[in-house]
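The block underneath contains the structure these notes are about, expressed in structure tokens.
Labels below follow one simple rule: chain letters A, B, ... track the order of the sequence lines, proteins then strands, and each chain is numbered from 1.
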2 protein chains.
Amino acid sequence: MLAETTQMTTPNTITPSLSIDNINPAVVQAQYAVRGEVAVRAEENNIGNPQDMGQKPITFNRQVAALTELPSLMDLEELNFPTDVVQRAKELLEAMGGSIGAYSASKGLAYIRGHVAEFLAERDGGVEADPELIYLTTGASSGVKAILQLILASEQDGVMIPIPQYPLYSATLALQKAHQVPYQLLEEKQWEPDLESLEEVIKKAAAEGTRTRAMVLISPGNPVGNVLSLEAMNEIIRFCASHNLVLIADEVYQANIANHVLKKFVSFKRALSTHPDEELRTQVPLVSLHSISKGQTGECGRRGGFLEIVNFPKPVQEQLTKLASIDLCPPIQGQIGVDVLVRPPKPGEPSYKKWYKETRTIQKNMNKNAAQLSKVFQSTSKMSSSEAQGAMYLFPQIELPKKAIEAAQKAGKEPDLFYCLELLERAGICVVPGSGFGQAENTTHFRTTFLGDQTDEFVKRFTKFHAEFLERYKD
Amino acid sequence: MLAETTQMTTPNTITPSLSIDNINPAVVQAQYAVRGEVAVRAEENNIGNPQDMGQKPITFNRQVAALTELPSLMDLEELNFPTDVVQRAKELLEAMGGSIGAYSASKGLAYIRGHVAEFLAERDGGVEADPELIYLTTGASSGVKAILQLILASEQDGVMIPIPQYPLYSATLALQKAHQVPYQLLEEKQWEPDLESLEEVIKKAAAEGTRTRAMVLISPGNPVGNVLSLEAMNEIIRFCASHNLVLIADEVYQANIANHVLKKFVSFKRALSTHPDEELRTQVPLVSLHSISKGQTGECGRRGGFLEIVNFPKPVQEQLTKLASIDLCPPIQGQIGVDVLVRPPKPGEPSYKKWYKETRTIQKNMNKNAAQLSKVFQSTSKMSSSEAQGAMYLFPQIELPKKAIEAAQKAGKEPDLFYCLELLERAGICVVPGSGFGQAENTTHFRTTFLGDQTDEFVKRFTKFHAEFLERYKD
């Protein structure tokens, strides 16, 4: 058996071979909240996982996927696939040299990257996009990891991340042995970033010896669902320029706008390319990320996404290409998922009506859930919540009774984890504790999705649980 | 525009934001040969990419995949899918909660990991496998990266890798800022590892301040195709035990044995579990990797694979699980690819005969190509080659004329790259230069696959090119 303690003897041996004390300390350090104790106990991952919450896949997307898997299906006339589905599958197969079973180019198929560029140009009101600056990825998360790995040069380097943040960022920074440089989103201002504090934040990091290299913006936000205004974006771009920061725009929820009257999505690419200060347009390096896992597609399992880089010097771009090549290529069905995301059926095409109905139904349902949930959280005793703006989440606050906090301490758990575990055990509801995302001291939040078709049931069980919880731990 | 030079000023600013001089030096350092200049010029990647070389996908595998993409196809009686295909698709969908569009558990679906464990136990003559110690991966390469990231604790750490090696290892070590500790494969002994030198190798590394943590074995080998004997494996296990090394067994070519009379595949799991020195069986930590990209499946594009860990302390295993969770989950169609790999149709089942015929045809064709190519390389002027044993590759040596070496120097290219570029340009044949894998000083090799059905054409063009090359650069 392996001994319990690690002894370093001569430089070429180590006893035992493997122990928690002699593996990569950066790995041990990294935390990943979204798949933490609650999700593990729930043995599921009700966490931005649309099709696990009952969201149906888009028929057009799946038909194309099935035909690329088994092209012989195309020859069966009785199947009667819509002609645009067959056409798309044929084009994709041809672009792949006949089979989805081969590696593609490491950046993803040029054919699909071309369509991404067209999609981006249309999305951004005609601002051009270059397929060579687009990289298909294995979900957005592999893109985030590659970019941070690329730009972080030393353990002195840091990246500004919003608090609350999506824990992929903190975990990846820990793995890179780099620093988090946290900036606050203001709950009292519907989770807008605290722009006035940014200078202070970067100065404080510098005083601690951290060289800030990049700033992460998540809009629509995860976990809080805020959507940045163009004014805020312009100010952020100016800030990045003045501190030579790379702007990393996590825009995977761009199709998830909960209320178009309240907020509209504008991409950072568009904001940068049309910035009132023209000098900045070619100055700030930008990475923008998108994914097929969210929005109306919700195809998490395919692991597809893409990123676009702007204002990257050519030699740096080449290094990113090399990094991509070490991973060989993103999964082909993920790449196909990108193609159908950026090139959906058009009006007049055989699949259009069905596609339109399906995507609208999903979004309408999500918006209805969002409105319903925020109203419930706003009107429930000892709770508060912002309006739902975008993404798929709400991040309500709970005012915990002192007795509950004491019970949590006794159980050796963070108060929010304690609450969420009780919620899981007593009501069968899985939400993610706020501490995994970061929250103001002595506050308690959780993140919940507004996916799926069980919101009425959620509300019923949740409100019952919450009332009983307050009663149970009444001060 | 960005300035060309990097100026460090105050600790919190850097000008420009991004340049080749201020990004991660480990990324700049990393080389990745397989997708290097030749492959890029060929605009393809004829490099262990079976379905790009004309290998047909296995019908059973693709039928299952298509039905999981579009389950409504199952209801169409006229399609008449074999009952075992329908049954498999239904089971998989049920295990996934109804849709392949959701994230699975980060280690992969427990349902599939259970089948992997059964497959391993059968492969290894009854040696038990635990599904909890099996991790599904995004191809084998993501597994390699995770394991090296996990175990390498500092820049002092190093990993023994064979020379020639598969450049994923050198690239990943460079990204981890860890050291290569190279050991030689002996060309004159059919590429067997030089076991007698291992002690020397580790001592030399120690003298240079490197703490060796692990040893990588690739069997069947990439790029050289050697298959380790059980005797060699037992000796290697003993060596790893005596130096407290983690044994990393890259066994992705286990189904690719070119000549069963010559060599048989034995897994390191089996060798370890039945090691004559019983003490070692529970002492050496082992990671064994497999993939769906090779063998008779050849499904590179799905990005599927798995690894099994043995003798890992529980806390270290938990850290590996955490690392997996940061990547969310491997692509579902890659996971399904693993399921059909480890649980193919059995004799008597409706799909068996077709499956058997398809897989045998592929392997027979590969073996025929292997024998033909090694014979050609052995009988060609100024060339030598070992017998094909396994994997999909041969790594012949070319004795270059002095004039060719001078011409290469003049062109500023390594001689082997020079040869390979001419081979590509003049004969349209894409092979990978030996220098990307490592080769003895002043020798020239290339790696070629023996995939596909164009070997006659390859031989014709290659021998013509080679003769003309020798003539062109005659000393």
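- Atom CZ of B/R302 and atom CZ of A/R302 lie 10.0 Å apart (nearest 0.5 Å).
- Listed by chain and number, the residues in a salt bridge (Lys or Arg N to Asp or Glu O under 4.0 Å) with A/K204 are A/E208 (sequence neighbours excluded).
- Contact annotation: the side chain of B/Q319 never approaches that of A/N24 to less than 4.5 Å [non-hydrogen atoms, C-beta and beyond].
- The candidate from A/E69, A/Q63, A/Q335 with the greatest count of non-hydrogen atom pairs under 4.5 Å with chain B is A/E69.
- Neither the backbone nor the side chain of A/L67 comes within contact range of chain B, judged by heavy atoms closer than 4.5 Å.
- Contact count against chain B (heavy-atom pairs under 4.5 Å) is highest for A/Q333 among A/K56, A/Q333, A/E279.
- Only the side chain of A/K177 comes within contact range of chain B, judged by heavy atoms closer than 4.5 Å.
- Of the listed residues (B/P331, B/A207, B/P315), the greatest number of heavy-atom pairs within a distance under 4.5 Å of chain A belongs to B/P331.
- Considering every non-hydrogen atom in both B/I326 and A/A171, the closest pair reads CD1-CB, 3.7 Å.
- The candidate from B/V284, B/L76, B/V28, B/V246 with the greatest count of non-hydrogen atom pairs under 4.5 Å with chain A is B/V28.
- Considering NZ of A/K314 and CD1 of B/I20, their distance stands at 12.5 Å, rounded to 0.5 Å.
- Residues forming a salt bridge (Lys or Arg N to Asp or Glu O under 4.0 Å) with A/R303 (at least two apart in sequence, or on another chain): none.
- Taking a 6.0 Å sphere around CD of A/Q29, one finds it holds 12 or fewer heavy atoms contributed by other residues, nucleotides or ligands.
- Contacts of B/L320 with chain A are absent, with no heavy-atom separation under 4.5 Å from either backbone or side chain.
- Note: A/L286 CG to B/S17 OG = 11.5 Å, rounded to the nearest 0.5 Å.
- In this structure, the portion of A/K145 lying under 4.5 Å from any heavy atom of chain B is its side chain and not its backbone.
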### Query
Are B/L18 and A/I151 close enough, and set up right, to give a side-chain contact (heavy atoms from CB on, under 4.5 Å), and what steps lead you there?
CA-CA 8 Å; B/L18 267 187; A/I151 65 179; 3.5 Å; yes
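- The part of A/L323 that comes within reach of chain B is its side chain, from C-beta onward, which places non-hydrogen atoms under 4.5 angstrom from that chain.
- For the atom pair B/S19 OG and A/F312 CZ, the distance stands at 12.0 Å (nearest 0.5 Å).
- In this structure, the portion of A/T68 lying under 4.5 Å from any heavy atom of chain B is its backbone and not its side chain.
- In this structure, the portions of A/L150 lying under 4.5 Å from any heavy atom of chain B include both its backbone and its side chain.
- With respect to chain A, the highest number of heavy-atom pairs below 4.5 Å among B/Q55, B/Q149, B/M96 belongs to B/Q149.
- If you take CD1 on B/I23 and OG on A/S154, they are separated by 13.5 Å, rounding to the nearest 0.5 Å.
- Note: B/I100 leads B/T172, B/I100, B/D157 in heavy-atom pairs under 4.5 Å with chain A.
- Using a 4.5 Å cut-off between heavy atoms, A/L73 touches chain B through its side chain atoms alone.
- Note that the CG atom of A/L328 and the OG atom of B/S142 stand 10.0 Å from one another [nearest 0.5 Å].
- A donor-acceptor pair is defined here as one N or O able to donate and one able to accept, closer than 3.5 Å; no such pair exists between the side chain of B/R62 and the backbone of A/L70.
- Counting heavy-atom pairs closer than 4.5 Å to chain B, the top residue among A/A153, A/A65, A/A110, A/S72 is A/A153.
- In this structure, the portion of A/Q176 lying under 4.5 Å from any heavy atom of chain B is its side chain and not its backbone.
- The choice from B/G337, B/G301, B/S99 that makes the most heavy-atom pairs within less than 4.5 Å of chain A is B/G301.
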